[in-house]
Amino acid sequence: MILLENKWDDYLTQTFITGIGETLLMVLITLGIGGLLGMVLGVTLYGTRQGGLLANRPVYSVLSSIVNVIRPIPFIIFLVLCKPLTMAVMNGHYIGTIPATFPMVIVCTVATSRIVEQSLIATDPGIVEAARAMGASRLHILFRILVPEALAPLILGYTFLFVGVLDLSAVAGAVSAGGLGQFALSDGYRRFNDWVVWAACLVMIILVQSMQWLGNVLAKWVLRKR
Amino acid sequence: MTDSPEAAAGQAPIISFVHAKKYFQSKRKTVKAVDDVSLDIRPGEIFGVIGYSGAGKSTLVRLINVLESVDSGDVIVEGINVTGLKERDLRTLRTHIGMIFQQFNLFSAKTVAENVGYPLKLAGWTKERVTARVDQMLEFVGISDKAGAYPSHLSGGQKQRVGIARALAHSPAILLADEATSALDPETTADVLALLKKANEELGITIVVITHEMGVVQNICDRVAVMEEGKIVEHGDTYTVFAHPKRSVTKRFIQTALHSRPSRDTVNRLHEVHPGRLVLMTVTASMLNSEKFNLAKIADKHKVISSIIYGSITEVGSRPLGNVVVEMTSPLPLGVEAEFAIDGLLEKLSADGIKVTDLGTSIDPKDDPTWVELASVALAEEAATDRKGADR
């Protein structure tokens with residue numbers, strides 16, 4: 001008989017540590033790939049907007065619609081919805097830490113793109129005009145002028161994304177992706193072990209707090225330098 | 001519109017607009033930003049384009065470096081028709097044309113030195129050459145000590161100096177100045193204008209100045225074009241335009257720069273103190289330089305005593321120009337005779353090509369026709385501003 005009560009043993013310690021590692025792995029892969037793809041998608045959205053440097057209505061409409069279709073789907077459903085695609089990409093696998101990053105990357109890319117687009121919209125259009133007047137190419141203006149100009153809001157945007165991706169990683173626990181999410185759900189919630197849930201939460205709070213602190217410091221540093 | 005006086009200069013223009021048109025379509029109406037403009041700008045000159053906001057001058061100047069492209073007509077820059085140039089060729093063209101802006105448009109993420117060096121980096125210069133050129137440019141504009149600073153730490157005047165250094169770094173043949181001094185206080189404006197003048201004289205660069213301040217034109221422009229509703233309504237040598245303005249809008253701009261034309265209220269006050277006939281005279285360089293012209297002597301011949309009671313004379317393009325109000329009285333015993341003598345003098349002055357406006361006496365005051373004209377321009381402008389407000 002399994003005892004359903006608050007307890008802590010070596011097995012839990014082991015799972016906890018593995019869980020932290022898996023969570024960090026998922027978050028890093030997702031932020032790394034999704035953050036980069038999102039940057040490209042966001043810059044493309046900004047560039048192809050009406051009146052933008054690469055203004056192109058069809059491209060903007062298609063990209064924007066894709067983003068708008070994916071964003072409102074709750075991640076727990078998107079995970080399931082995405083299953084065939086994930087299996088195709090992940091060599092037939094659907095369950096586990098690495099396969100779970102596939103849908104996470106997609107969602108992260110989409111979320112990042114809007115954050116990047118918004119940060120770029122807030123930049124001074126006069127700067128684009130000055131760079132164009134100097135003969136800079138449009139891609140150069142987008143990536144080498146505007147992205148550095150918007151660096152502080154971008155850093156804060158990515159910090160915000162970190163929290164979102166951490167959330168995604170916990171939900172991914174539902175498809176046995178491992179990590180703190182699965183730890184809290186399987187070893188905590190389903191076994192009525194509150195200690196496990198609290199421990200998982202505590203680590204996540206610490207992660208979020210320290211990332212937010214780092215983001216704020218970086219953004220402030222970038223702004224103060226100017 | 002043809003440029004016959006320009007053709008007389010016999011120099012191939014560096015920039016030519018040939019029936020250039022640029023319309024903007026908004027949902028409710030078409031804005032004729034540039035409406036059939038033909039204009040030649042000569043190499044080495046400082047050319048001013050003045051107009052109220054919305055007159056189309058900013059669009060006109062952007063046709064030169066194709067930040068905006070014409071709907072019809074041609075723009076020829078250094079012998080090349082820029083209409084329909086491909087992106088790659090446009091970028092080459094733009095490296096020959098520097099541009100400075102009202103809001104400076106410096107890259108806030110780059111230091112002063114990085115801003116100035118940016119066009120050179122784009123052109124593929126080596127690091128050493130960029131550094132050397134940046135130092136040289138910063139010295140030229142007088143802010144060598146700010147090389148490592150970020151733009152947000154600079155004053156407006158310093159920012160525009162960086163803008164100028166950045167625009168001139170690649171040794172362009174043309175500099176476009178879009179309201180470059182409009183965000184600056186008068187003293188800083190004078191410094192920046194002096195710097196532009198220096199660039200023009202020492203580097204021989206052609207400068208196109210867009211402004212709504214006639215003082216800027218008065219200070220540095222060799223020639224000027226006045227724009228209204230997308231059209232060039234008047235243009236020519238700066239002094240000639242100042243001394244002999246034709247259009248109401250031009251007169252209004254000149255009034256803002258010279259302030260020497262008395263208003264109706266001023267004339268009424270003058271009438272209260274001075275019982276004689278008041279006459280407004282435009283004083284020009286040709287008049288002051290002429291050996292023959294001596295108002296007192298001519299007046300004496302007509303048995304009229306004249307004394308200056310109001311006015312100012314200033315310099316436009318290094319030549320004197322202004323307006324004075326002269327009180328004319330005659331010692332002749334009969335009133336009618338006296339008036340007749342003064343009329344005779346005024347006729348003589350007009351015949352000699354001197355612009356005189358009879359303001360009458362306190363008993364029989366006369367209007368300066370310019371008052372009505374300026375008032376109507378003011379009304380039209382107000383209406384235009386209202387319309388703009390309604391559009392938003």
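The figures that follow rest on heavy atoms only: side chains count, while hydrogens, waters and symmetry mates do not. Labels below follow one simple rule: chain letters A, B, ... track the order of the sequence lines, proteins then strands, and each chain is numbered from 1.
With a 4.5 angstrom heavy-atom cutoff, A/S137 touches chain B via backbone and side-chain atoms both. Proximity to chain B is absent for every atom of A/A150, based on heavy atoms less than 4.5 angstrom apart. Heavy atoms closer than 4.5 Å to chain A are found nowhere in B/R88, neither backbone nor side chain. Interface residue A/I127: backbone and side-chain heavy atoms are both found under 4.5 Å from chain B.
Shown here is A/N91, whose CG atom has no more than 12 heavy atoms of other residues, nucleotides or ligands within 6.0 Å. Counting heavy atoms of neighbouring residues, nucleotides and ligands inside a 6.0 Å radius, atom CD of B/Q136 exceeds 12 of them. In the displayed structure, A/F160 atom CZ is contacted under 6.0 Å by at most 12 heavy atoms of other residues, nucleotides or ligands. The neighbour count for A/Q50 CD, taken as heavy atoms of other residues, nucleotides or ligands under 6.0 Å away, does not exceed 12. No more than 12 heavy atoms of other residues, nucleotides or ligands sit less than 6.0 Å from atom NZ of B/K121. Dense packing is recorded around NZ of B/K198, with more than 12 heavy atoms of other residues, nucleotides or ligands lying under 6.0 Å away.
Looking at every heavy atom in both residues, B/N65 comes nearest to A/A133 through ND2-CB, 3.8 Å.
Side-chain contact check for A/M134 versus B/R166: some heavy-atom pair is nearer than 4.5 Å.
Inspection of non-hydrogen atoms places B/R91, B/R94, B/T95, B/I97, B/M99, B/F101, B/N105, B/L106, B/F107, B/S108, B/A109, B/K110 of residues 89-117 of chain B under 4.5 Å from chain A.
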